[in-house]
Amino acid sequence: MNPIIVSRLRRDASFSGEHIRFAATVLELKNLTQGQGTALKLLAEGDHDDTALAAAVTTADGEAGLLRWHLLFRRLNTSGLIEHAVQVDGDVMARLYPVGRGSTLPAAAPAGPVRLSRFAEARVVDGTLTLRAPGRHLAVELMPQAAGLLGELATWNTGTPAPLLRLLATAGLLAPGGPDEDLETTERSYAQWHPADLAFHSRTRFPATVGGYGGTYPLGDRFPPEPVSPPPSGLRTVALPVPDLDRIAATEPSFTEILERRGSTRAHDEETPITLAQLGELLYRSLRRRGTMTGSDGQRLANRPYPSGGAVHELEVYPLVTACEGLPAGLWHYATDRHELELVAEPGKATDVLVKESRNAAMMETDPQVVLLVTARFGRVMWKYETVAYPLVLKHVGVLYQTLYLVATAMDLAVCGLGGGDAAAFATASGRDPLLEGTVGELVLGSRPRTEG
């Protein structure tokens, strides 16, 4: 086996005359020599090694043309226009290619033992096993004959071919340090990160490492936008009283006082539970749909008391009631457009699991009177936004938490946000598809104990 590195123009680029087009970019290449033009045509046609490219240049331009070609080839690499592959007997084993913006210039092969980084991710992309490292704009495709090398690279070894190591090193897929100084376990900057957390953070906070970022409408040509509100469930509904906001504004404490009093309360008044009117007022002031509009993209948008990226407002709230004066126990859904509750599930084993998990998470001695289960209708966000869709959901959960906290504090209710929850348990209780609508937040709510200030 004699592996070599070959190169070609990146897969989404084309060469014609004196420019290279890729995505929405055009790279002008003025005053090309005949040899440079021939070499560029070879790169546009497929994989060629340095020897073949140099031969094409010298045939037309002589030896003196090689320096100019090397400078141009380096420019193409630093512009991220070249893919590199490891080839054995004419067959490609692995290929380095850009998925974001940045250089594709291959790094030198590391000396000494090497292994894959514990942060390396392997996934199937367009039918090919592909490796990525968090925060990097490059990926490496592995063909079937090279996939077995992943097992060998799980531990420190010296048997991996140097050309393949060059591609892996360029993509940031090799662990720093060595067997005697494994920086991924000894350095805090590495050790404090779980691979999944670092991958999520890097993907969503480093736009140059992804192909699309922001409002790119990745599903716009395949699916219609989801409706601004989910359809009625068809089960029993309970109308909620509409609070008098003018009266509340005239008698309520100041915003500064409310903000200073805000806190988490993990106990409820067992003798005097929260009432239906109080629950309805909290939901009305925090979540109700105040109006709708149609965006320039045709998506129906909403206006609620808390902010939402693009006004998509994908969040829904399901009050899980164990004790609420005037409202039967069970899992309910708050219809933001109609200001009413609709029954989703009667009390039972599935809802008991949710109550128990929330009680344990809040470290309460008794069952919470109400658990506000926050869900996201993911398609409302993911239809429009690429890469940042799920981070937007989490940001929205945060602003909703604070809104519920402040309104509950103003109403002298006990509220406590929870740091985690069980989307599978909610799916079982509600019958909702967790990939279409799943829980992303939870708060416990109830009447404030008399001993609480």
Side-chain angles (χ1 to χ4, degrees), residues 2-88 90-109 125-126 130 132-133 135-141 162-172 206-214 216:
N2 183 29
I4 60 172
I5 289 183
V6 294
S7 307
R8 73 179 187 188
L9 205 61
R10 61 183 290 170
R11 60 197 64 188
D12 58 348
S14 61
F15 168 69
S16 60
E18 294 185 342
H19 57 259
I20 295 176
R21 297 181 182 272
F22 63 103
T25 304
V26 177
L27 179 67
E28 296 291 341
L29 301 172
K30 297 181 179 180
N31 302 317
L32 289 177
T33 66
Q34 181 180 348
Q36 289 173 332
T38 302
L40 285 171
K41 289 179 181 178
L42 290 176
L43 290 172
E45 293 170 358
D47 292 307
H48 296 276
D49 63 13
D50 287 343
T51 302
L53 296 172
V57 171
T58 55
T59 298
D61 301 342
E63 295 289 338
L66 275 180
L67 177 58
R68 292 187 62 185
W69 165 247
H70 289 318
L71 291 174
L72 175 59
F73 192 52
R74 185 178 184 87
R75 178 189 174 193
L76 298 178
N77 272 289
T78 55
S79 299
L81 289 172
I82 302 297
E83 297 183 3
H84 303 280
V86 175
Q87 198 176 78
V88 178
D91 294 325
V92 171
M93 291 181 58
R95 186 180 299 279
L96 174 79
Y97 71 99
V99 291
R101 302 186 302 275
S103 173
T104 55
L105 194 66
V125 179
D126 296 330
T130 303
R132 288 286 307 273
R136 300 301 183 109
H137 65 283
L138 300 169
V140 173
E141 296 175 331
L164 180 57
L165 289 182
R166 292 187 65 189
L167 300 194
L168 297 176
T170 306
F206 292 84
T209 68
V210 295
Y213 192 91
T216 63

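Computed from a prediction, not measured in an experiment: that's the story for all the values here.
Side-chain atoms of Trp69 and Thr58, non-hydrogen and from C-beta on, never get closer than 4.5 Å to each other. The closest side-chain heavy-atom distance from Ile82 to Leu9 is below 4.5 Å. Counting heavy atoms from C-beta on, the side chains of Arg75 and Leu27 come closer than 4.5 Å. Using a 4.5 Å heavy-atom cutoff, the side chains of Thr130 and Glu141 are in contact. Using a 4.5 Å cut-off on side-chain heavy atoms (C-beta onward), Gln87 and Asp49 make no contact. With contacts defined as side-chain heavy-atom distances shorter than 4.5 Å, the pair Leu29/Leu40 qualifies.
Nearest heavy-atom pair across Val92 and Ala85 is CG1-CB, 3.9 Å. Across all their heavy atoms, Val140 and Ala171 have their closest contact at CG2-CB, 3.8 Å. For the pair Arg136 and Gly172, the tightest heavy-atom approach, listed with the atom from each and the gap, is NH1-CA, 3.4 Å. Heavy atoms only, all atoms of each residue included: Ala107 and Arg166 are closest at O-NE, 2.9 Å. The heavy-atom pair separating Gly102 from His137 by the smallest distance is C-NE2, 3.2 Å. Considering every non-hydrogen atom in both Gly37 and Phe15, the closest pair reads O-CE2, 4.0 Å.
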| request: Check the pair Thr38, Thr59 against side-chain contact (heavy atoms from CB on, under 4.5 Å), reporting the backbone distance first and the verdict last. | output: CA-CA 10 Å; Thr38 302; Thr59 298; over 6 Å; no

| query | Can Thr170 and His84 be said to form a side-chain contact (heavy atoms from CB on, under 4.5 Å), step by step? | reply | CA-CA 10 Å; Thr170 306; His84 303 280; over 6 Å; no

| Where do Val125 and Arg132 land on the side-chain contact (heavy atoms from CB on, under 4.5 Å) test, with the steps shown first? | CA-CA 11 Å; Val125 179; Arg132 288 286 307 273; over 6 Å; no

| Do Val57 and Thr33 pass the side-chain contact (heavy atoms from CB on, under 4.5 Å) test, and can you show the C-alpha distance, the side-chain angles, and the key distance before you say yes or no? | CA-CA 9 Å; Val57 171; Thr33 66; 5.7 Å; no

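Considering CD of Glu83 and CG of Leu43, their distance stands at 11.0 Å, rounded to 0.5 Å. Annotation: the span from Glu28 atom CD to Leu32 atom CG amounts to 10.5 Å, rounded to 0.5 Å. Here the OG1-CZ distance, from Thr209 to Arg101, works out to 9.0 Å after rounding to the nearest 0.5 Å. Interatomic distance, CG of Leu105 versus CG of Leu76, reported as 11.0 Å (0.5 Å rounding). For the atom pair Tyr97 OH and Leu167 CG, the distance stands at 13.0 Å (nearest 0.5 Å). To the nearest 0.5 angstrom, Leu53 atom CG is 6.0 Å from Leu42 atom CG.
A salt bridge is defined here as a Lys NZ or Arg NE, NH1 or NH2 lying under 4.0 Å from an Asp or Glu carboxylate O, and Glu18 with Lys30 fails to meet this definition. Using a cut-off of 4.0 Å between Lys/Arg side-chain N and Asp/Glu carboxylate O, Arg68 and Asp61 are scored as not salt-bridged.
No donor-acceptor contact under 3.5 angstrom links the side chains of Asn77 and Ser103, judged on distance only.
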